[in-house]
Amino acid sequence: MTLLAPGSTIAMAFYLPSESLDEEDKPLMEMSIKGAAASGTPFVSFFSVEEIIKLAEKVGLKEIQTISTKDMTEKYFKNRTDNLLPASGEFFLVAKTL
């Protein structure tokens, strides 16, 4: 059961495990992991989409949706001319309480 007020929406970012990434995205993720660890803020967990959905359900969240990097690119970055893209392997969870 969640401790959030009824009608709340939660949005959070999470990263996929390296083995779930497309091959071309793995080197960038490895650099990010090393850089974060070197700066004293290491990544401590990675979740598959299935795992994050199960965790959200376990705490009582509803209307759960995940948004992938590809979804974000298509919706928000498609026509950019500056080549800015969202981080590879980053997903978002958006869910609500009842």
Side-chain angles (χ1 to χ4, degrees):
M1 182 160 171
T2 182
L3 299 176
L4 298 172
S8 296
T9 299
I10 184 170
M12 61 175 268
F14 66 98
Y15 283 92
L16 297 176
S18 292
E19 60 271 8
S20 298
L21 297 175
D22 294 336
E23 280 303 313
E24 66 268 14
D25 295 334
K26 289 180 180 182
L28 182 58
M29 179 58 79
E30 290 171 10
M31 285 178 22
S32 296
I33 291 169
K34 288 178 184 174
S39 70
T41 56
F43 288 97
V44 295
S45 55
F46 298 88
F47 299 95
S48 70
V49 171
E50 295 79 16
E51 290 172 318
I52 206 78
I53 289 172
K54 284 181 186 177
L55 288 170
E57 290 171 341
K58 185 176 178 180
V59 298
L61 295 173
K62 306 292 182 201
E63 298 182 38
I64 300 164
Q65 58 180 293
T66 57
I67 304 163
S68 71
T69 301
K70 289 177 181 160
D71 295 335
M72 289 183 280
T73 299
E74 181 63 28
K75 188 168 184 174
Y76 301 111
F77 295 83
K78 185 174 165 180
N79 296 316
R80 292 188 69 111
T81 58
D82 60 3
N83 296 321
L84 180 67
L85 294 172
S88 171
E90 183 176 22
F91 273 59
F92 285 86
L93 169 83
V94 180
K96 295 183 179 187
T97 62
L98 293 181

For the [atom1] atom of [X] and the [atom2] atom of [Y], what is their distance to the nearest 0.5 Å?
| X | Y | atom1 | atom2 | result |
| --- | --- | --- | --- | --- |
| S8 | L98 | OG | CG | 10.5 Å |
| I53 | T66 | CD1 | OG1 | 5.0 Å |
| I10 | K96 | CD1 | NZ | 13.5 Å |

Closest approach of [X] to [Y] (non-hydrogen atoms, all atoms of both residues):
| X | Y | value |
| --- | --- | --- |
| F92 | A13 | CE2-CB, 3.7 Å |
| K26 | L21 | CE-O, 3.5 Å |
| A56 | I64 | CB-CD1, 3.7 Å |
| E90 | M72 | O-CE, 3.6 Å |

With the side chain counted from C-beta on, respond yes when [X] and [Y] share a heavy-atom pair under 4.5 Å apart, and no when they do not.
| X | Y | answer |
| --- | --- | --- |
| L93 | F14 | yes |
| F77 | P86 | yes |
| L16 | V49 | yes |
| F43 | Y15 | yes |
| K62 | T97 | no |

Considering only distance and modelled atom types, tabulate donor-acceptor pairs under 3.5 Å from the side chains of residues 27-38, sequence neighbours left out.
| unit_1 | atom_1 | unit_2 | atom_2 | d |
| --- | --- | --- | --- | --- |
| S32 | OG | L28 | O | 3.1 |

>> Please determine whether the number of non-hydrogen atoms from other residues, nucleotides or ligands lying under 6.0 Å from atom CG of N83 exceeds 12.
In response: no
Can [Y] be reached from [X] by stepping across I, L, V, M, F, W or Y side chains whose heavy atoms are under 4.5 Å apart?
| X | Y | answer |
| --- | --- | --- |
| Y76 | L84 | yes |
| L55 | F91 | yes |
| M12 | F46 | yes |

>> When you measure from the side chain of E51 to the backbone of S48, do you find a donor-acceptor pair of N or O atoms at a distance under 3.5 Å?
In response: yes
